[in-house]
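One structure is given below, encoded as structure tokens.
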Amino acid sequence: VIRLGRGVTATATKAASRQRPNVASPRSWIRAATICSLDTVISEAGHDPAPLFRDHGIDIEILQRPETVVPITRLAPLLEHLAVALNIPDVALRLAQHQRQARTSDPVDLAIYNAPTLKDAFLYCQRHVAYYSTAALLEIRQPSKSGPIGLYYQFGADQVRSDQITEYGCLMVALNVIDLAQSQPLEVWLRHQPLSAPAIYAEHFEAEVRFGMPYDGIFIDPTDWLRPIQSRDPALHLMGQELAARRKADTAPLSAHLRSEIERLLPARKCSYDSICKWSGIPPRTLRRYLADESTTFAQLKDEVRRDNIRH
């Protein structure tokens with residue numbers, strides 16, 4: 001077995017290449033709650049976030065509505081613009097650190113952060129990663145009994161791949177290892193070339209970061225895998241699981257995200273099919289097809305929202 005860095009083996013590479021899932025659906029969304037600190041990151045860098053959001057077709061007020069979603073086709077160009085045009089190459093890493101500090105009562109977060117062990121936390125996260133973004137995939141592999149645990153992260157299909165969002169996702173995984181297990185990753189792999197200075201990656205990830213690798217992933221020591229989460233609350237873990245199950249958080253259907261936007265637009269009489277297509281970034285015919293896959297239509301969703309409003 002050929003060693004690749006600290007504890008990462010060629011065997012792990014082969015296992016990942018055999019078993020990685022297909023690319024994510026082109027219906028690419030990320031929950032507003034996961035980027036709610038982006039305006040703060042931009043402000044701290046000396047820029048006004050409002051016109052930047054507006055220029056990229058994103059309503060900045062969406063950051064205050066955690067249940068809504070932001071189309072990746074809008075978010076990725078914004079992050080790339082911040083990184084290149086405004087010279088904030090580590091914008092995604094800064095965002096992850098800000099999100100780390102944000103307290104949350106989200107049911108999926110409660111279930112993860114209060115799980116019995118790091119293994120339980122990540123297995124739950126693997127099943128519910130679509131709740132955070134429909135473009136994200138997390139695969140857990142341990143190719144050999146004594147080898148490192150590989151947390152392979154994949155963001156989107158090639159046509160929507162964003163190196164910035166990939167760095168954000170990988171750092172959030174690494175921070176969970178650091179915070180929940182009181183440990184550090186053995187090594188971090190990124191497919192792309194560095195966007196920032198090496199010292200910045202070392203500071204954020206607290207581990208060696210290697211670039212131009214076959215996959216994006218975090219490798220951790222197997223002894224950390226079964227380490228109990230010291231700050232866990234078993235009652236919150238169960239409550240989070242129950243609430244997430246009611247929300248069907250493991251599926252994150254497109255119609256649920258559209259309902260949220262319909263609920264916002266209906267009172268202002270601005271809820272047209274064109275406005276929903278513009279907000280989602282999905283062409284009209286494509287959106288009809290997606291909704292048909294979920295056995296519903298835009299008109300049915302509007303009617304459901306109206307009926308719910310009458311009941312309440």
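Every value quoted in this text rests on a predicted model; they were computed, and no experiment measured them.
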- L123 vs K119, side chain to side chain contact (heavy atoms under 4.5 Å, CB included): CA-CA, chis, key distance, verdict: CA-CA 6 Å; L123 287 176; K119 176 182 178 180; 3.8 Å; yes

Distance-only side-chain donor-acceptor flag, [X] / [Y], under 3.5 Å:
X	Y	answer
S43	T40	no
H204	E167	no
D163	T166	no
D274	S272	no

Spacing of [X] atom [atom1] and [Y] atom [atom2] [to the nearest 0.5 Å]:
X	Y	atom1	atom2	result
I88	Q164	CD1	CD	9.5 Å
L82	D90	CG	CG	11.0 Å
N114	D120	CG	CG	12.0 Å
Q241	L110	CD	CG	10.5 Å
R65	D59	CZ	CG	5.5 Å
L118	I229	CG	CD1	6.0 Å

Minimum heavy-atom separation for [X] to [Y], with atom names?
X	Y	answer
S162	A76	CB-CB, 3.9 Å
I140	F122	CD1-O, 3.4 Å
Q99	Y168	CG-OH, 3.6 Å
C277	L287	SG-CD2, 3.8 Å
C170	Y153	SG-CD2, 3.9 Å
L78	L52	CD1-O, 3.8 Å

Hey, does [Y] have a side-chain heavy atom less than 4.5 Å from the side chain of [X]?
X	Y	answer
L266	K302	yes
R127	C125	no
S231	Y113	no
I60	P49	yes
F53	L38	yes
L190	D216	yes
K270	S275	no
E44	R94	no

Using modelled atom types only, decide if a donor and an acceptor are shared between the side chain of [X] and the backbone of [Y] within a distance under 3.5 Å.
X	Y	value
T134	W29	yes
H237	A111	yes
Y132	T34	no
Q142	G147	yes
H128	Y124	yes

- Check the angle between the aromatic planes of Y152 and F219 and answer parallel, tilted or perpendicular using the 30° and 60° thresholds. perpendicular

- Pair E139 + R141: basic N to acidic O under 4.0 Å: yes

- Task: Apply the test side chain to side chain contact (heavy atoms under 4.5 Å, CB included) to residues I276 and L301: give CA-CA distance (whole Å), side-chain angles for both, the deciding distance (0.1 Å), then the verdict.
- Result: CA-CA 12 Å; I276 289 294; L301 292 176; over 6 Å; no

Under 3.5 Å donor-acceptor pairs involving side-chain atoms of residues 175-186, not counting sequence neighbours:
| unit_1 | atom_1 | unit_2 | atom_2 | d |
| --- | --- | --- | --- | --- |
| N176 | ND2 | M172 | O | 3.4 |
| D179 | OD1 | R100 | NE | 3.3 |
| D179 | OD1 | R100 | NH2 | 2.6 |
| D179 | OD2 | R100 | NE | 2.9 |
| Q182 | NE2 | D179 | O | 2.6 |
| S183 | OG | D224 | OD2 | 2.5 |

- Item | Residues L75, I165; criterion side chain to side chain contact (heavy atoms under 4.5 Å, CB included); working and verdict | CA-CA 9 Å; L75 178 63; I165 300 182; 4.0 Å; yes

- Task: Output, in order, the C-alpha distance, side-chain angles, deciding distance and verdict of side chain to side chain contact (heavy atoms under 4.5 Å, CB included) for F298 and L258.
- Result: CA-CA 9 Å; F298 172 68; L258 294 184; over 6 Å; no

- Message: Hydrophobic clustering (ILVMFWY, side-chain heavy atoms < 4.5 Å, transitive) - are V84 and V41 grouped together?
- Response: no

- For the hydrophobic clusters of this structure (ILVMFWY residues joined by side-chain heavy atoms under 4.5 Å, transitively), does one cluster hold both L79 and L86? yes

- With ring pair (Phe, Tyr, Trp, His ring centres under 6.0 Å) as the test, would you mind laying out the steps for Y201 and F211 before giving the verdict? CA-CA 11 Å; Y201 287 99; F211 301 93; 4.8 Å; yes

- Query: Would one find more than 12 heavy atoms of other residues, nucleotides or ligands at under 6.0 Å from atom CD of Q300?
  - Reply: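 Count over threshold, so yes.
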
- Query: Does NZ or CZ of R31 lie under 6.0 Å from the centre of the six-membered ring of Y131, at an angle within 45° of the ring axis?
  - Reply: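 Pair R31/Y131 counts as cation-pi.
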
